[in-house]
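Notes follow the structure.
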Number of protein chains: 2
Amino acid sequence: MAALANDTKTQILELGIQLIQQHGYQAFSYADIARALHIKNAAVHYHFPAKEDLYLAIVQYYIDVYQHMARQMNETQLSPKQQLDRFIQRYADLVDANKICIIGAASADYNNMPEAVKKKVTELVDYVLGLVEKTLAAGKRNGSFAFTETAKNQTMLLMTNLAAGVQLARITGKKDFENIRKSILKTIQA
Amino acid sequence: MAALANDTKTQILELGIQLIQQHGYQAFSYADIARALHIKNAAVHYHFPAKEDLYLAIVQYYIDVYQHMARQMNETQLSPKQQLDRFIQRYADLVDANKICIIGAASADYNNMPEAVKKKVTELVDYVLGLVEKTLAAGKRNGSFAFTETAKNQTMLLMTNLAAGVQLARITGKKDFENIRKSILKTIQA
DNA sequence: GTCTATAGGGGGATAGAC
DNA sequence: GTCTATCCCCCTATAGAC
């Protein structure tokens, strides 16, 4: 799980995530990873024999991250509003790091993926959408959110605002993401 | 402009667009284009010496397309509602063709672009956002649209719904885009 | 688990004939 | 404007020593 171990395998994984979100899967090579970690090409292949193995591990890593987040949110008894704020903050952080979200990056590359990775990506997307949907539904029940769409549709509206908002901000500037962020909150404000 | 000439250069351009939207800029090669058009690698380089020249031409092509569309909409006196419907239909067509929009594709690859292409992409985005903003503002004035955000913010909400909606649909299926489409229309319905 | 070394392929790009 | 031929580089991936 997220940044617990400091072994080479984990470092490769986390660097791979970063490179995918900043440059895309096709645009980075094992040599880039080797250089950054001061190891050799062959060492990277030892941990992830093929690049697809790395991609698969990255998507799985994200599923783990979100499962961990879901557990943590339950344990700490965050309100739906707090949960959503925390979720949205993750996207603001992407903008600051000049990254796009993993789902957007995966979508751009989706047609080049082997079936196993496609399947794992779908698993990730379903999981994340499910999480947000539950949060929105809970917020509507307790009166902190208001919307007329189904929770599922409202989730897709919100998620697409966030995902493409991050992409837009990369081109037109951070300010646009902040405006989108504020507008999103208004669309579900009770 | 769009699909008027049938010369090789135009064919390369249009095939390049298709490949970028389906597979991404990094994932296709001049060999792919040469094979499809039954010409040789070198002939592609004759028309577009470097791959960046092709990318630049593709983004310019899209600017031309939207300028042409804007002119046509003015001449044919389409209502704001009709203009928006036509615009949204373009995104539905992308989903059917298993493509993502050029802006989303460009964003994913943005950090790998030379400055000249980045600048041209920004030009495209500004132009398209401006177009939609005018349409939304006109629709609000004539009472066919209703929204409380500024026209610019509402434009960003709508555009991000469309752009990431297309990306999401690639992963989770066409039905999700159709649901997003319906929900979008409700958000601006007068 | 990491190294050196290298195989094998594909990519972008150019020279020069036609 | 298209061709053949080719260069050079970088990529993914593997074999085998340490």
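Chain naming here is simple, since letters A, B, ... match the order of the sequence lines and numbering starts at 1 in each. If you're wondering where the values come from, they're calculated on a predicted model, not measured in any experiment.
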Legend entry - Rounded interatomic separation in angstrom, taking NZ from A/Lys40 and P from D/dG16: 22 Å
Legend entry - Residue-phosphate contact under 4.0 Å: A/Tyr46 side-chain N/O, C/dG1 OP1/OP2: yes
Legend entry - Reading 5' to 3' through nucleotides 5-11 of chain C, protein heavy-atom contacts under 4.0 Å coded B for base, S for sugar-phosphate only, - for none: ------S
Legend entry - N/O (side chain, B/Thr8) to phosphate O (OP1/OP2, D/dG1) under 4.0 Å: no
Inset, instruction - Starting at CD of B/Gln167, measure out to CD1 of B/Ile171 and round the result to the nearest 0.5 Å. - result: 8.0 Å
Legend entry - Spacing of B/His45 atom NE2 relative to C/dG16 atom C1', expressed in whole Å: 16 Å
Legend entry - Rounded interatomic separation in angstrom, taking CD from B/Gln26 and C1' from D/dC11: 13 Å
Legend entry - Rounded distance (Å) that lies between atom P of C/dG1 and atom NE2 of A/His47: 6 Å
Inset, instruction - Starting at atom CG of A/Leu54, determine the distance to atom P of D/dA13, rounded to an integer number of angstrom. - result: 10 Å
Inset, instruction - Report the residues that fulfil salt bridge (charged side-chain N to carboxylate O under 4.0 Å, His left out) with B/Lys174, sequence neighbours left out, ordered by chain and then residue number. - result: B/Asp96
Legend entry - Interatomic distance where CD belongs to B/Glu52 and P belongs to C/dG12 [whole Å]: 11 Å
Inset, instruction - Would you list the pairs meeting ring-ring contact (aromatic ring centres under 6.0 Å, His included) in which at least one residue belongs to residues 87-134 of chain A, sequence neighbours left out? - result: A/Phe87-A/Tyr91
Inset, instruction - Name all residues meeting the side chain to side chain donor-acceptor pair (under 3.5 Å) criterion together with A/Glu133; count only those two or more places apart in sequence or in a different chain, and write none if there are none. - result: none
Legend entry - Rounded interatomic separation in angstrom, taking CG from A/Asp53 and P from D/dT12: 13 Å
Inset, instruction - Quick one: which residue pairs count as a salt bridge (Lys or Arg N to Asp or Glu O under 4.0 Å) with a foot in residues 147-160 of chain A, not counting sequence neighbours? - result: A/Glu149-B/Lys186, A/Lys152-B/Asp176
Would you list the atom pairs, donor with acceptor, under 3.5 Å between side chains in residues 135-146 of chain A and any protein atom, with sequence neighbours excluded?
unit_1, atom_1, unit_2, atom_2, d
A/Thr135, OG1, A/Gln83, OE1, 3.0
A/Thr135, OG1, A/Leu131, O, 3.1
A/Lys140, NZ, A/Phe147, O, 2.9
A/Asn142, OD1, A/Ser144, N, 2.9
A/Asn142, OD1, A/Ser144, OG, 2.7
A/Ser144, OG, A/Gly139, O, 3.3

